[in-house]
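Letters A, B, ... mirror the listed sequences (proteins, then strands); counts begin at 1.
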Number of protein chains: 2
Amino acid sequence: MGRWEPNARGRLEKAAMELYGEHGFHQTTVTEIAERAGLTERTFFRHFADKKEVLFSGAASLQELLVQAVDDAPEPLAAIDAVGVALEAVAEAMQERRDFAKWRQAIIAANPDLQERELIKLASLGSALAAALRERGVGETAASLAAESGIAAFRVGFERWIGEAGETRTYRQIMKESLKELKAVTSGRTPPTRTPPARTPRGRERPHAHR
Amino acid sequence: MGRWEPNARGRLEKAAMELYGEHGFHQTTVTEIAERAGLTERTFFRHFADKKEVLFSGAASLQELLVQAVDDAPEPLAAIDAVGVALEAVAEAMQERRDFAKWRQAIIAANPDLQERELIKLASLGSALAAALRERGVGETAASLAAESGIAAFRVGFERWIGEAGETRTYRQIMKESLKELKAVTSGRTPPTRTPPARTPRGRERPHAHR
DNA sequence: CGCAGTGATGGCAGTAGCTGACATCACTCC
DNA sequence: GGAGTGATGTCAGCTACTGCCATCACTGCG
């Protein structure tokens, strides 16, 4: 046996998740996490860059999976379809962890700080995706646009998959349909503004006017 | 004359911008900013939620402009084209501040914290855009997708407008072309992977494999 | 004229995220 | 058995950010 209990990082991750769930992210201090894991605060910061990062350590493998899927996609394929294939693969890999994904998303949704981190992880996913496309010969701008709008579809699909109560379709199916709808929307094939729903006076999230 | 110098917020903003430029964002302390503005740290936090927010106070008016442009767009118009019209209007409004935009973007690019904030502001822009579309009668998902992919085009266009050295086109023109390219990409009209550029062994930004 | 209320600011103490520097000590390798 | 090595502990310190109360010009009102 070693000098210390093994798997310090894992214990920290587990403790953090538990506490984030029990008391919320903001209310949980790093010292508490470390104590529950039988370690010190200093050690926590040796394993995770900051308090938020615990929730995002899985992003790296997701990115790897995504890029690999693009690389493995059959060659004569339009950029957007290569993106589609890759996103479907990722969706399938996430399928069995729906409960965890839902729980995790609830925590993120309750914290602006975590939302920021989530967005930058998705952006990083998008960059990697774009880079993978470029290596297939897709042009600079086209690669960026295909990747970023693909990520948009991914997000939209994710929310559906997790949000809708009676949702029976798999994430993969939903993902497929989101991409289809993306294509429809960007090609102008959208119910073009026929019967606006009662056009309320609108007290929306628009910022206050200054003039 | 009042008890205090007028326009405290403006002075804080100016001092912060200067210091971020002189010493970098991270190296600048809030105390320094407040001192240069002839105020105290406590007052800084009464005007700005945090140190980052100083750089993003303009986002609100941008959002207002965007939403207004969607509202003012002619009625029988596909969702993606309403987005296009609105984004062009915003691009035009930014045209005269290119130097400032460039300078500001350089600071943001040098700081992950600021990039996170930038992303959440863009996401908020996207939500507002989607909401405006829904009020025109565009469906839930379609609105989200049109808005988010529109924002993607906005970002891509922005980087071009600011990045390319010999760029003579206006932001509006670039924006228009980005949207056009978005449509091309999502409709599958993309040079579909013909001659991959020398397929290097790739030591990219892909995370390390574990197996 | 005086007086109570208001609003922007200062002062101060405190919390918590995060870092650098150094010590400790099991384990490994020679 | 002695010199690394690597993961952890300890401690001091900085700084972002907050709560609470004091201050004091200005305003409106009797």
Side-chain angles (χ1 to χ4, degrees), chain A residues 1-20 22-57 107-108 110-118 120-121 208 210, chain B residues 1-20 22-57 107-108 110-118 120 208:
Chain A
M1 288 200 313
R3 177 179 177 191
W4 304 281
E5 296 297 315
N7 195 22
R9 186 188 170 96
R11 273 150 52 214
L12 285 168
E13 196 170 330
K14 180 166 175 285
M17 297 287 195
E18 289 173 3
L19 287 166
Y20 292 169
E22 291 170 19
H23 311 132
F25 173 78
H26 188 67
Q27 287 66 37
T28 302
T29 73
V30 175
T31 304
E32 284 170 352
I33 298 171
E35 273 174 6
R36 180 169 295 201
L39 294 165
T40 63
E41 189 193 352
R42 193 69 188 80
T43 300
F44 176 93
F45 286 111
R46 285 200 183 93
H47 286 276
F48 300 96
D50 57 48
K51 200 181 152 186
K52 306 172 208 166
E53 201 58 23
V54 191
L55 280 163
F56 298 91
S57 55
I107 293 181
I108 292 176
N111 261 96
D113 282 358
L114 293 174
Q115 291 167 38
E116 291 189 342
R117 181 59 51 87
E118 167 104 329
I120 212 170
K121 292 290 180 185
H208 289 301
H210 281 309
Chain B
M1 286 203 313
R3 177 181 177 192
W4 305 282
E5 295 298 315
N7 194 22
R9 186 187 171 96
R11 274 150 50 215
L12 285 167
E13 195 171 331
K14 181 164 175 284
M17 296 287 195
E18 289 172 1
L19 287 166
Y20 292 169
E22 291 171 19
H23 310 131
F25 173 77
H26 188 68
Q27 286 67 36
T28 302
T29 73
V30 175
T31 304
E32 284 170 353
I33 298 171
E35 273 174 6
R36 181 170 296 200
L39 294 164
T40 64
E41 190 192 350
R42 191 71 189 81
T43 300
F44 176 93
F45 286 109
R46 284 202 183 92
H47 287 276
F48 300 96
D50 58 48
K51 203 181 149 186
K52 307 171 208 168
E53 201 58 25
V54 191
L55 281 163
F56 298 91
S57 55
I107 291 181
I108 292 176
N111 262 94
D113 282 358
L114 294 174
Q115 290 167 38
E116 290 189 343
R117 182 59 51 86
E118 168 102 331
I120 213 171
H208 290 302

| request: Apply the test side-chain contact (heavy atoms from CB on, under 4.5 Å) to residues A:Met17 and A:Leu55: give CA-CA distance (whole Å), side-chain angles for both, the deciding distance (0.1 Å), then the verdict. | output: CA-CA 8 Å; A:Met17 297 287 195; A:Leu55 280 163; 3.6 Å; yes
State whether [X] and [Y] are salt-bridged, where the test is any N-O pair (Lys NZ or Arg NE/NH1/NH2 against Asp/Glu carboxylate O) under 4.0 Å.
{"X": "A:Glu53", "Y": "A:Lys121", "value": "yes"}
{"X": "B:Lys52", "Y": "B:Glu118", "value": "no"}
{"X": "A:Asp113", "Y": "A:Lys51", "value": "no"}

How many Å lie between [atom1] on [X] and [atom2] on [N], as a whole number?
{"X": "B:Glu32", "N": "D:dC17", "atom1": "CD", "atom2": "P", "value": "15 Å"}
{"X": "B:Leu114", "N": "D:dA16", "atom1": "CG", "atom2": "P", "value": "13 Å"}
{"X": "B:Phe44", "N": "D:dA16", "atom1": "CZ", "atom2": "C1'", "value": "10 Å"}
{"X": "B:Gln27", "N": "D:dA16", "atom1": "CD", "atom2": "C1'", "value": "15 Å"}
{"X": "B:Asn111", "N": "D:dA16", "atom1": "CG", "atom2": "P", "value": "12 Å"}
{"X": "B:Lys52", "N": "D:dT15", "atom1": "NZ", "atom2": "P", "value": "18 Å"}
{"X": "B:Phe48", "N": "D:dA16", "atom1": "CZ", "atom2": "P", "value": "15 Å"}

| message | Is the positively charged end of A:Arg9 above the ring of A:Phe48, judged by distance under 6.0 angstrom from the centroid and angle within 45° of the axis? | response |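 Yes, A:Arg9 sits over the ring of A:Phe48.
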| request: List the protein contact pattern of nucleotides 7-17 of chain C with one symbol per nucleotide (5' to 3'): B for base contact, S for sugar-phosphate-only contact, - for none; contact means a heavy-atom distance under 4.0 Å. | output: BBBBBB----S
| message | With a 3.5 Å distance limit and no angle check, can you tell me whether A:Asn111 reaches the backbone of A:Leu114 through a side-chain donor-acceptor pair? | response |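 No, because the side chain of A:Asn111 does not come within donor-acceptor range (under 3.5 Å) of the backbone of A:Leu114.
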